[in-house]
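This report concerns only the one structure given below.
All ligand and atom numbering here is 1-based and tracks the order in the structure. By convention here, the first residue in the shown sequence is residue 1.
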Amino acid sequence: MLFRKMPASEVAVSTSGGRVPAHVAIIMDGNGRWAERRHLPRIAGHHAGSETVREIVRACVRKNIGVLTLFAFSSENWRRPEREVSLLLDLLLSSLRREVDELRRNGVRLRFIGDRSIFAATLRESMGEAERLTEPNTGLLLIIALNYGGRWDIAQAMRTIAREVQSGALSASKIDEQTIDDHLSLSGVPEPDLFIRTGGEQRISNFLLWNLAYTELYFTDVLWPDFNEQAFETALASFACRQRRFGRTGDQLEQVQGA
Ligand code: FPP
């Protein structure tokens, strides 16, 4: 197993006393509108959005957040105008090349999830290289979802499980939730504690469908390029106030916490 499996509720305590999520997952929405409001091409919004990525990654390092998963390009984003897709992928490639040294210096481990088979060889190689170079790091695990879809993830897990059953390595009667969990892209990574979507829409949009089962959801109208550290703090403060019951009653939780 690549990563230590932790319960979703394993959280550090921030300097201000609140609970800090171990894993934050973000849908970075609103780049296009941010640019359109300024009469700029949509790609200018993605460039501004990549600056926000830097700011939020730095904030996660400072706050000792264990995992940050960012939805950078969904399986559905291919439906965008060809030019926007190509500029967005170029931006991802250049950001990757520019940032990898800083990530290394800051102890960040980079990992990509999603179907990378469709990408150009140059992008695939840069992704693999960035993963290799940052592998030894033990700080923040930064997961970038690229050509990722929650349904794709479940389907690819099912294909692998079916092959294991076919080969006799696994018995169909032994398949349980853990088996499925172990074959998903986030296998071995704690489930997200906090999901943030910027840009005003209140949807999961085929992000981590299986893994978000017990995640606290936070939606904000702030557009991604405007989502700064202060806006992130507001999301973390909202998380710190929530009671996570995981199916138990409030009374039961108080008993456990008081014990
Ligand atoms: C959604 O905004 C955003 C995306 C599809 C791309 C996110 C990509 C970045 C922030 C670029 C850099 C990423 C990394 C990891 C370096 P939208 O275009 O759907 O905005 P809209 O809803 O206003 O049109």
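Crowding of Arg104 atom CZ: a count of heavy atoms from other residues, nucleotides or ligands under 6.0 Å not exceeding 12. Within 6.0 Å of atom CZ in Arg38, more than 12 heavy atoms from other residues, nucleotides or ligands are found, so the atom counts as buried in its surroundings. Arg151 CZ: 12 or fewer foreign heavy atoms inside a 6.0 Å radius.
Any N or O atom pair closer than 3.5 Å counts here, and Leu88 shares no such pair with ligand 1. For ligand 1, the polar-atom distance check against Gly30 finds a nitrogen or oxygen pair separated by under 3.5 Å. Considering backbone and side-chain atoms together, Asn31 places an N or O closer than 3.5 Å to an N or O of ligand 1.
Contacts with ligand 1 closer than 4.0 Å are made by no heavy atom of Thr52, backbone or side chain. Only side-chain heavy atoms of Leu92 come within less than 4.0 Å of ligand 1; its backbone N, CA, C and O stay farther off. When heavy-atom distances to ligand 1 are checked against a 4.0 Å cut-off, Arg42 comes that close only through its side chain, counted from C-beta outward. For Asn77, every heavy-atom contact with ligand 1 shorter than 4.0 Å involves the side chain, none the backbone. Contact annotation: for Phe73 versus ligand 1, there are no heavy atoms closer than 4.0 Å. Looking at Arg54 against ligand 1, nothing comes within 4.0 Å, counting heavy atoms.
Selection from Ser50, Ser74, Ser94 by nearest heavy atom to atom 12 (C) of ligand 1 gives Ser50. Considering each of Ile27, Val53, Asp29, the one bringing a non-hydrogen atom nearest atom 22 (O) of ligand 1 is Asp29.
Between Glu102 and Arg54 there is a salt bridge, with a side-chain nitrogen of the basic residue lying less than 4.0 Å from a carboxylate oxygen of the acidic one. With respect to the salt-bridge test (charged N to carboxylate O, under 4.0 angstrom), the residues Glu55 and Arg58 do not qualify. A salt bridge does not link Arg111 to Glu131: none of the charged nitrogens lies less than 4.0 Å from a carboxylate oxygen. Salt bridge Glu125/Arg116: absent, no basic N to carboxylate O contact under 4.0 Å.
Distance alone, capped at 3.5 Å, places no donor-acceptor pair between the Thr69 side chain and the Ala25 backbone. Side chain of Thr52 to main chain of Pro225: a donor-acceptor pair is present (N/O by atom type, distance under 3.5 Å, no hydrogens or angles).
Every atom of ligand 1 is numbered from 1 in the order shown, and the set under 4.0 Å from a heavy atom of Trp224 is 10 (C). Here is the list of ligand 1 atoms found below 4.0 Å of a heavy atom in His46: 4 (C), 6 (C), 11 (C), 18 (O). Contact atoms of ligand 1 toward Ile144: 15 (C) (distance under 4.0 Å to a heavy atom of the residue).
Taking the six-membered ring for Trp and thresholds of 30 and 60 degrees, Phe73 and Trp78 have ring planes more than 60 degrees apart, a perpendicular arrangement.
For atom 20 (O) of ligand 1, the nearest protein heavy atom (residue, atom name, distance) is Gly32 N, 3.0 Å. Counting protein heavy atoms only, atom 3 (C) of ligand 1 is closest to Met28 O, 3.0 Å.
Applying the side chain to side chain contact (heavy atoms under 4.5 Å, CB included) test between Ile143 and each of Leu70, Leu208, Leu186, Leu110 identifies Leu186 as the sole match.
Under a 4.0 angstrom heavy-atom cut-off, Arg80 registers as being in contact with ligand 1. At least one heavy atom of Ala72 sits less than 4.0 Å from an atom of ligand 1.
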